Amino acid sequence: MATLAPELLKKEKKEKDFSLPPLPLAEKGNVITRFPPEPNGYLHIGHAKAAIIDYEYARLYDGTFILRFDDTNPENALLEFYDAQIQDLRWLGIEWDLEYHTSDHLQTHYKLAEQLIRQKDAYICNCTPEAIKDGRFHAKSCACRNENTGSVGLDLWKQMLASPEINYIVRLRGEMDSDNTAMRDPTLFRVITATHPLTSDNYHVWPTYDFAGAVEDSISGVTHPFRTKEYELRDPVYFHILNLLQLRTPHLMEFSRLSIEGMPVSKRKIKPLIEQGLVSGFDDVRLPTLRGLKRRGLVPEAIKQFVFQQGFSKVESVVDFSLVESVNRKFLDPRVKRYYFVPDPVRLVVADAPKKTVKLPLHPDAAMGNRTLHTASIFYIPRQDMQKMKVGDVFRLKGLYNVKITNIDETIQGSYAGEEIIQESAKIQWTTDETMPLKILVPGLLFKGETFNPESLREMQGYAEKAVARLPAGEIIQFERVGFVRLEKQNNDTVAIFTHK
RNA sequence: GCUCCCGUAGUGUAGUCCGGCCAAUCAUCACGGCCUCUCGAGCCGUAGACUCGGGUUCAAAUCCCGACGGGAGCACCA
């Protein structure tokens, strides 16, 4: 083949697909996956990774994909986030076959709990949290373990269900002497009296993640649940619970969390910044929340591809944002309109300027049409470019004609210097005196190491060409020689958010 | 402290299960060139890595042991 058609070999090598590795124990048509967010906040890039992997595997195997809200802690779940998360997922281009809430199934969970207690595989513990913690640390069990199970346990369980005043917990009879502390009789149910956004005050006994997660995965038919690595120690708990209940055990798998250098995802870090007014909210353009990324001009396809490129090993990685940028740029470049923006403008007067009407292409390659500009003798050009120039230099007003500099002062004086393109001359973007003043917000790294970077959001002031004023908010364009930006309305003003170069 | 997971260029990743075809893949970043009326895209090139130490073997990124480094868990959060 190498001798017959060497070009084929070459091409094969170049095409890199980021398709998912095959799933173990998977058959086409028989794969069910699930994405189980807790409705307690906005989705971020880490959630996106999980959701994309879950969703894409279901698709790859012609399977079923479930969106399940793990809302078993009424203190955390907030009504607004069910919807917000749905919107974020839709934006990502993810579709699900089934949607439900773990809180829909509390009665089932109660029945299973009862079964465990009856089997003496779970017990009611009324020790103090401190005692429990201490016991777990020292691998010592308490008296409740043997006393409050079976029929005695069942009785206490009924009391728990009957009154929120009975503040006991249900614990699994695991292995108190296990090396794995997760197995030292983990909590299965506890009393939480906060009002739940969906079930209101109807329930006050709530399953913990260990119980609810395992049970839901099993009874909803999930075949391949993925979770992040920090749950790995809880795998034995997961399987133990299902085995005791004689429920089907899915094929659990873990992958590492995805984090981006300088862009924290944790609410613990972000919330104080919002409260201090250092970031505008969870949709701040410096944040890796889906909303932040969207505002910044990241497109869902790019996020998806970025996730694929990361793969999903168990290696912890801190990705550089430039990897995200480059993927995004490849999506944006072919389909985004070009305009001129002049940062830090300086006035240019071309004394003998011919009056012209020019059509400038909206894209260098793609057929996107033109915008029309009328020029006279007044222009604005970037100060930075002018600082490199001296009297006598010739540069080109990009797409227009050449100008020879005759004087440099507060303003630049120039003279018309012909139309033909001079290969080695600078081509500089410009506006006429018909401009649109525009501010570009330039996001940087929110954190440098562990400390907040006070210069993480800079501003670039300048003039955009007038046509930009007619573009709809939300449009992403490229300002030539500046970078990609997304336009946004902020109190009746249009501002641009710098996406990346 | 104990337990578990992980360790390939600056960053991310393929390869590790089933040792040889790996003088190690691809991307990104950096640098240089070509192309282009953009500092974008495209094309070409340069630079850059198997954490360390032992062992097994004819042969180790790949298997074994140990160290070191990073992460996680020891919640009535998920």
Side-chain angles (χ1 to χ4, degrees), chain A residues 13-18 21 36-38 40 70-73 75-77 102 125 127-129 132-133 136-139 167-171 178-184 186-192 205-210 212-213 227-236 254 256-261 305-306 308-327 329-330 332-334 336 338-340 360-361 363-366 382 384-385 395-402 419-423 425-429 478-484 500-501:
Chain A
K13 200 186 165 192
K14 265 185 201 158
E15 273 174 27
K16 167 101 182 171
D17 68 346
F18 296 103
E38 183 182 28
N40 70 338
D70 257 343
D71 52 354
T72 55
N73 187 338
E75 283 173 353
N76 292 346
T102 302
C125 186
C127 298
T128 64
I132 292 172
K133 187 177 174 156
R136 200 169 272 138
F137 191 79
H138 293 105
N167 192 15
Y168 302 158
I169 61 171
V170 178
R171 294 177 73 182
S178 171
D179 278 340
N180 180 358
T181 48
M183 277 299 281
R184 325 244 258 227
T187 303
L188 266 24
F189 287 84
R190 77 292 209 202
V191 171
I192 302 174
V205 175
W206 291 93
T208 57
Y209 172 81
D210 278 324
R227 29 150 66 154
T228 45
K229 232 178 79 165
E230 68 264 24
Y231 297 116
E232 234 174 343
L233 276 309
R234 318 206 72 85
D235 286 5
E254 273 93 12
S256 65
R257 268 177 184 269
L258 170 60
S259 51
I260 299 177
E261 178 67 36
Q305 189 172 323
F306 166 70
F308 280 142
Q309 286 183 13
Q310 294 317 300
F312 55 108
S313 64
K314 293 208 260 182
V315 187
E316 299 116 27
S317 50
V318 184
V319 182
D320 201 279
F321 194 69
S322 66
L323 294 179
V324 186
E325 289 181 357
S326 95
V327 179
R329 188 154 43 225
K330 278 165 190 128
L332 255 30
D333 192 80
V336 135
R338 313 292 145 121
Y339 289 95
Y340 290 163
L360 297 175
H363 194 281
D365 318 307
Q384 208 190 18
D385 284 308
F395 67 90
R396 184 173 184 83
L397 293 169
K398 195 172 179 309
L400 227 208
Y401 51 68
N402 304 317
E419 307 255 324
E420 68 295 344
I421 290 164
I422 304 165
Q423 219 40 253
S425 85
K427 284 89 184 177
I428 293 169
Q429 81 276 26
Q478 189 205 44
F479 283 135
E480 294 196 41
R481 307 210 310 142
V482 177
F484 295 91
H500 48 62
K501 260 219 143 47

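Letters A, B, ... mirror the listed sequences (proteins, then strands); counts begin at 1. Since the structure is predicted, the reported quantities are computational estimates derived from the model, not experimental observations.
Listed nucleotides rG40(B), rG42(B), rC76(B) differ in distance to Lys330(A); the shortest reach to its side chain belongs to rG42(B). Comparing rU11(B), rC76(B), rU13(B) by their nearest atom to the side chain of Asp320(A) picks out rU11(B). Checked against rA27(B), rA72(B), rU11(B), the side chain of Gln309(A) finds its nearest nucleotide in rA27(B). For Leu233(A), the side-chain atoms get nearest to rG73(B) when compared with the rest of rG73(B), rG40(B), rC76(B). Among rU38(B), rA41(B), rU3(B), the nucleotide with an atom closest to any side-chain atom of Asp179(A) is rU3(B). In this structure, of rU3(B), rU13(B), rG12(B), it is rU13(B) that holds the atom nearest to the side chain of Ser313(A). Ranking rG40(B), rC37(B), rU28(B) by closeness to the Ile421(A) side chain, first place goes to rC37(B).
The ring-ring contact (aromatic ring centres under 6.0 Å, His included) test applied to Phe484(A) returns His500(A), not counting sequence neighbours. In terms of the salt bridge (charged side-chain N to carboxylate O under 4.0 Å, His left out) criterion, Lys427(A) has no residue partners (sequence neighbours excluded). Evaluation of the side chain to side chain donor-acceptor pair (under 3.5 Å) rule for Asn180(A) yields no partner, not counting sequence neighbours. In this view, Tyr339(A) satisfies the ring-ring contact (aromatic ring centres under 6.0 Å, His included) rule with no residue, not counting sequence neighbours. Qualifying ring-ring contact (aromatic ring centres under 6.0 Å, His included) partners for Tyr168(A), counting only residues two or more places apart in sequence or in other chains: none. For Tyr401(A), the ring-ring contact (aromatic ring centres under 6.0 Å, His included) partners at least two apart in sequence or on another chain are Tyr416(A). Partners of Glu480(A) under the salt bridge (charged side-chain N to carboxylate O under 4.0 Å, His left out) rule, at least two apart in sequence or in another chain, are Lys398(A). Take Lys314(A) and apply the salt bridge (charged side-chain N to carboxylate O under 4.0 Å, His left out) test, not counting sequence neighbours, and it matches Glu232(A). For Asp179(A), there are no salt bridge (charged side-chain N to carboxylate O under 4.0 Å, His left out) partners two or more places apart in sequence or in a different chain.
In terms of phosphate contacts, Thr181(A) brings no side-chain nitrogen or oxygen within less than 4.0 Å of OP1 or OP2 of rC2(B). For Arg481(A) and rA41(B), the shortest distance from a side-chain N or O to OP1 or OP2 is not below 4.0 Å. The phosphate of rG71(B) (OP1 or OP2) has no side-chain N or O of Ser256(A) nearer than 4.0 angstrom. The side chain of Arg257(A) contributes no N or O atom lying less than 4.0 Å from OP1 or OP2 of rG70(B). For rG40(B), neither phosphate oxygen OP1 nor OP2 lies less than 4.0 angstrom from any side-chain nitrogen or oxygen of Arg338(A).
With hydrogens and angles left out, the side-chain atoms of Asn73(A) and Glu38(A) include no donor and acceptor closer than 3.5 Å.
Here Pro186(A) lies out of heavy-atom contact (under 4.0 Å) with every strand. Base engagement by Gly399(A) is indicated by at least one non-hydrogen atom pair under 4.0 Å involving a base atom. Contacts of Arg171(A) with the nucleic acid, taken as non-hydrogen atoms under 4.0 Å apart, are absent. Nucleic acid contact class of Lys314(A) (heavy atoms, under 4.0 Å, all strands): sugar-phosphate only. Counting any heavy atom pair closer than 4.0 Å across all strands shown, Arg396(A) reaches a base atom. In this structure, Val327(A) reaches neither bases nor backbone, as no heavy-atom distance under 4.0 Å exists between it and the strands shown. Using a 4.0 Å heavy-atom criterion, one finds that Asp385(A) contacts the bases of the nucleic acid, with or without backbone contacts as well.
Atoms CD1 and CD, on Ile192(A) and Glu75(A) in that order, are 5.0 Å from each other to the nearest 0.5 Å. Remark: Phe189(A) CZ to Thr72(A) OG1 distance equals 9.5 Å, nearest 0.5 Å. How far CZ of Arg338(A) is from CG of Leu360(A): 13.5 Å, rounded to the nearest 0.5 Å.
Rounded to the nearest Å, the gap between the C1' atom of rG66(B) and that of rU46(B) is 39 Å. Taking atom P in both rA24(B) and rC50(B), one finds a spacing of 12 Å when rounded to whole Å. For the C1' atoms, the distance from rC22(B) to rC44(B) is 25 Å, rounded to whole Å. Taking the C1' atoms as reference points, rG71(B) lies 39 Å from rC39(B), given to the whole Å. Rounded to the nearest Å, the gap between the C1' atom of rA61(B) and that of rG20(B) is 13 Å. Across rU25(B) and rG48(B), the matching C1' atoms stand 14 Å from one another, rounded to whole Å. To the nearest whole angstrom, the two C1' atoms, one in rC74(B) and one in rC64(B), are 30 Å apart. The same atom, C1', is picked in rA23(B) and in rC17(B); the two are 25 Å apart, to the nearest Å.
Residue-to-nucleotide contacts include no donor-acceptor pair under 3.5 Å from the side chain of Tyr231(A) to the base of rA72(B). If you check distances only, the side chain of Gln478(A) does reach the base of rU38(B) with a donor-acceptor pair under 3.5 Å.
Rounded to an integer number of Å, the gap from CG of Asp210(A) to P of rC74(B) is 10 Å. The nearest whole Å value for the distance from the CG atom in Asn180(A) to the P atom in rC5(B) is 10 Å. One interatomic measurement links the two molecules: OH of Tyr209(A) to C1' of rA75(B), which rounds to 14 Å at whole-angstrom precision. What separates CH2 of Trp206(A) from P of rA78(B) is a distance of 11 Å, to the nearest Å. If you take NE2 of His363(A) and C1' of rU38(B), they are 11 Å apart, rounded to a whole angstrom. Taking atom CG on Leu397(A) and atom P on rC37(B), their separation rounds to 16 Å, with Å as the unit. At whole-Å resolution of the value, CZ in Phe484(A) and C1' in rG40(B) are 5 Å apart.
The nearest heavy atom of RNA chain B to Glu419(A) and to Asn76(A) marks one nucleotide each, and the one closer to the 5' end goes with Glu419(A). Nucleotides of RNA chain B nearest to Lys501(A) and Glu232(A) differ in position, and the one nearer the 5' end is that of Glu232(A).
The two atoms that bring Ala366(A) and His363(A) nearest to each other are N-ND1, 2.9 Å, heavy atoms only.
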Would you tabulate the pairs of protein nitrogen or oxygen atoms and nucleotide nitrogen or oxygen atoms of nucleotides 31-35 of chain B closer than 3.5 angstrom?
none

Please list, pair by pair, any protein nitrogen or oxygen found under 3.5 Å from a nitrogen or oxygen in nucleotides 63-69 of chain B.
none

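In RNA chain B, the stems built from three or more successive Watson-Crick or G-U pairs (distances below 3.5 Å) are B:1-7 with B:68-74, B:10-12 with B:26-28, B:30-34 with B:42-46, B:51-55 with B:63-67.
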